[in-house]
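See below for the structure under consideration.
The structure displayed is predicted, hence computed values, not measured ones. Numbering of ligands and ligand atoms starts at 1, following listing order.
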Amino acid sequence: MIPAAYAVLNMAAVAHNLQKVREYAPDAKIMAVIKANAYGHGALRIAHTLAAEVDGFAVARVDEGVRLRNSGVQKRIAVLEGFTCAEELDKLLAYQLDAVVHSFAQLAIFETRTEREEIAVWLKFDTGMNRLGFKAGELQDVYSRLMCCSIIKQPINLMTHLANADDKHDDMTLKQITLFNDTLASFKLEPNSERSIANSAGILAWQQAVTEWVRPGIMLYGISPFAELTGEQLGLKPIMSLHSRLIAVKRIAKGDTVGYGGSWRCEQDTTLGVVAIGYADGYPRYARVGTPVLVNGQRVSLIGRVSMDMITVDLGSQSNAKAGDAVTLWGEGLPVEEIALCANTIPYTLVCGVTQRVKQIESGVKQL
Ligand SMILES: *Cc1c(COP(=O)(O)O)cnc(C)c1O
């Protein structure tokens, strides 16, 4: 029997996608970004699959890093949001996690500490994202002050984050890269300091962003960072496929409405299928009518509103389908990028949003 609402994780695709990172950044060290439970794919399973092959990991929060360490991950782990108080810094120390340093408040905490060379840091340079980091004019002073903090291991690495690298026509990216390079060239860095600029879009579209370290996230999961291209078109393979099954099939007559709000009205007699997946599983509430769904491998269209536990589809050409038949919501054979466009969102939110209720099943041989 096909279960309701489950995600298959093709672990063989992990190695394939990592290989793509290497093609674009053959000499760079790889910091695999596995924040937010590896974008919904399971941080521990992705970390342990990649551990022997990458140079480090990045997570957003301290507790995400702690969880990885507790599971036996030994590679360096950078916490992208760093720490906000002394207690959190203590946790970074206890678990040997790297801190991203982006604020004067963090700097002030470091300056009160007397430990010796306990923590590796990534100095975050805000080159235009205007989220975390120090401005160009502040950087030299902050760098010198960090160099004087006994608790910090040398060398201090530098990083920045690109705001719009997924738009190949926006010159903002080159401006950010130039500001990064020019500012660093204007003061004396330790010779073995390393730099990191590129996320997935940077790796794929901006060779100039590839420095000593790259930070791929979405592309590792086989998903494109670009709205106009799918992962498949980039030679990537999706790891996650989201599946469920039909739980009812029925005929509805011309003029009938379907679902909450009665917002969808049948223009002709139709065979309707009810699928056991809804927004409580992470299927997007705002997927529009016509969003493709695979029933027995064939495309049909979403109709009516997405509800908590179910969606409805016009079975169209699949009118012989029956309760129990296989349904794919995205993944192999149906790019998540396409579903994201239909739901007026980005694929990141879809994979991150798959909920606890969805059973996760690994498939494929881990080829690492
Ligand atoms: C999330 C994140 C990344 C990875 O971005 P992708 O677009 O998923 O490749 C890299 N760097 C930072 C600072 C991030 O927050």
Worksheet item: Out of Ile218, Leu132, Leu204, whose heavy atom sits nearest atom 6 (P) of ligand 1?
Response: Ile218
Worksheet, complete the sentence: closest protein heavy atom to atom 8 (O) of ligand 1 is Tyr39 OH, 2.6 Å
Worksheet item: Going by the atom numbers of ligand 1, which of them fall below 4.0 Å from some non-hydrogen atom of Lys35?
Response: 1 (C), 2 (C), 3 (C), 14 (C), 15 (O)
Practice prompt. For Arg131 and His102, test the side chains for any donor-to-acceptor distance below 3.5 angstrom and give the result as yes or no.
Written response: no
Worksheet, complete the sentence: atom 13 (C) of ligand 1 has as its nearest protein heavy atom His161 ND1, 3.6 Å
Worksheet, complete the sentence: d(Gln19 CD, Glu53 CD) to nearest 0.5 Å is 9.0 Å
Worksheet entry | Numbered atoms of ligand 1 (with element) below 4.0 Å of Tyr348, judged on heavy atoms | 6 (P), 7 (O), 8 (O)
Worksheet item: Got a donor-acceptor contact below 3.5 angstrom from the Arg61 side chain to the Gly65 backbone?
Response: no
Worksheet entry | Part of Pro225 with heavy atoms under 4.0 Å of ligand 1, whether side chain, backbone, both or neither | neither
Fill in: Polar proximity ligand 1 side, Gly217 side, N/O cut 3.5 Å exclusive
yes
Worksheet item: Any side-chain heavy atom of Tyr24 within less than 4.5 Å of one from Val210?
Response: no
Discussion item. Once you measure the plane-to-plane angle for Phe187 and Tyr143, does it fall in the parallel (<30°), tilted (30-60°) or perpendicular (>60°) bin?
Written reply: tilted
Item to complete: Mark yes or no: Lys75 above the aromatic ring of Phe57, with NZ or CZ under 6.0 Å from the six-membered ring centre and no more than 45 degrees from the axis.
Response: no
Practice prompt. Looking only at protein heavy atoms, identify the closest one to atom 11 (N) of ligand 1 and say how far it is in Å.
Written response: Arg215 NE, 2.9 Å
Worksheet, complete the sentence: for atom 9 (O) of ligand 1, nearest protein heavy atom and its distance come out as Ser200 OG, 2.5 Å
Practice prompt. Check whether any side-chain heavy atom of Leu204 sits under 4.5 Å from a side-chain heavy atom of Ser224, and report yes or no.
Written response: no
